Number of protein chains: 2
Amino acid sequence: MLRQPQKQIANREKNISRIKEAAEYVFAEHGYFGASFSLIAKQAKLPKSNIIYYFTNKETLYRAVVEDIFDIWRSAADSIKKDNDPSTAIAEYIDTKLEMARNRPFGSKVWANEVIQGAPIVQDYMEDELHRWTNDRMVVIQHWIDSGKLRATSARHLLYLIWAGTQHYADFQHQIETLNDNHPLTDEQWQETKYFLKDIILRGICVE
Amino acid sequence: MLRQPQKQIANREKNISRIKEAAEYVFAEHGYFGASFSLIAKQAKLPKSNIIYYFTNKETLYRAVVEDIFDIWRSAADSIKKDNDPSTAIAEYIDTKLEMARNRPFGSKVWANEVIQGAPIVQDYMEDELHRWTNDRMVVIQHWIDSGKLRATSARHLLYLIWAGTQHYADFQHQIETLNDNHPLTDEQWQETKYFLKDIILRGICVE
DNA sequence: ATCTTTTCTGACTACTTAATCAGTTAAACC
DNA sequence: GGTTTAACTGATTAAGTAGTCAGAAAAGAT
């Protein structure tokens, strides 16, 4: 005899991810203060009280959204490992990061908004997780430099340039589309972007 | 006999620029919706009603702040002219843009916030002024490429990379300082940044 | 000195917001 | 089937918001 008592659990998970998706969108488009429960509720097509039932308050929901994005970004840098070939690893990182800019622009925007405003909510997260994570990657890049596999440039600024160059296409998506005569970028244009970023950055850091 | 009847005019100008400065800061730190008249008033040390007296409403004040920043950015690209030497011109542009990131980070942040949220207020500005301005610069860069003074890369993406790479240090200032052990960048670190960006980007676009 | 115009401001209003809570509905358990 | 527990929600509240407005104060004009 089949038992299917997990109706509640399944429903809970469905609702939570639905709320987070709606919230990511609304926080990105309106900022923390501009995003109201009623807007998020409308977007999620759920009653406002239901959202508060799951997340207690605005800040908790917001944190959930930000942490989700951070986890995804973190995984993008899996290729930055000591034993990998630097050019291939960095090319892969740029590719992945740019695909994320294309596929998850709202998360990127939420993060950008938060940092611009001085990270009032996720300050601790930046000081712990991001700080440690960044240092780890920098050690790898420095190792590549020290072993002569990369030109002697700044590991730190290289990371910043990759972040800036890729996230720009998510965060400033609206500006880029406006300058593209109000059209979203086509597949070819995204391809061109990938090629350009890798071309410039790799040329700048590879030993000649 | 001296006449000094311009007391009103002088005072008006003083107040207006004081309000705009305060507003730039508060909009940057809190976003459009998070920035309230009372916060701006407190920052400017003027009564709330006085701010509304000068700017009528929030949107008008906001537009004034955004247009100010845009004007300043525009002037940064004066070096991008057909007859200039490409490397020197672009190096100069990067330098100037990075100095602005350092000296006027709040303006940059306001612009970033606005664009991230889909430019709800300055859409028209982007479609007219920014669009025309960007196209003009792209024509110059394309001319450099066509006359063999630059490698054949994308003029458009080159501009984006310069914007992204420089503005990052304003918009993500807080993240950068957190990763710098909670210290603002020193003069040498800013110098290093300038050097890095020019090194990578120029190496990427100059004919070998 | 008096009148006019501009500058300025505190008190107020209509509205929106995050969050609470009492009460309802639905699922799980026995 | 009946009971317990979790899921859910509409109505309400207290706090904060943008913007109004009547009238005071200062500056300029004659």
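This one's a predicted model, so the numbers in the text were calculated from it and none came from an experiment. Below, read A as the first sequence line, B as the second, and so on, with proteins coming before strands; counting in each chain starts at 1.
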Value in whole Å for how far the C1' atom of D:dG10 lies from CD1 of A:I51: 15 Å
Nearest whole angstrom, please: distance from the C1' of D:dA7 to the CD of A:Q8. 7 Å
Can you give the donor-acceptor pairs under 3.5 Å from side chains of residues 27-40 of chain B to other protein atoms, not counting sequence neighbours?
| residue | atom | partner | partner atom | Å |
| --- | --- | --- | --- | --- |
| B:S36 | OG | B:S38 | OG | 3.1 |
| B:S36 | OG | B:L39 | N | 3.2 |

Show which side-chain atoms of residues 155-165 of chain A pair as donor or acceptor with protein atoms under 3.5 Å away, not counting sequence neighbours.
| residue | atom | partner | partner atom | Å |
| --- | --- | --- | --- | --- |
| A:R156 | NE | A:Y160 | OH | 3.1 |
| A:R156 | NH2 | B:L179 | O | 2.8 |
| A:H157 | ND1 | B:Y169 | OH | 2.7 |
| A:W163 | NE1 | A:Y93 | OH | 3.0 |

If the condition is side chain to side chain contact (heavy atoms under 4.5 Å, CB included), which residues does A:R63 pass it with, not counting sequence neighbours? A:E67, A:I121, A:D124, A:Y125
Tell me every residue that passes ring pair (Phe, Tyr, Trp, His ring centres under 6.0 Å) with A:F55, counting only those two or more places apart in sequence or in another chain. none
Please name all residues satisfying side chain to side chain contact (heavy atoms under 4.5 Å, CB included) with A:P120, sequence neighbours left out, ordered by chain then number. A:E114, A:Q117
Where protein sits on nucleotides 8-24 of chain C, one letter per nucleotide: B base, S sugar-phosphate only, - none, heavy atoms under 4.0 Å: BBB------SBBB----
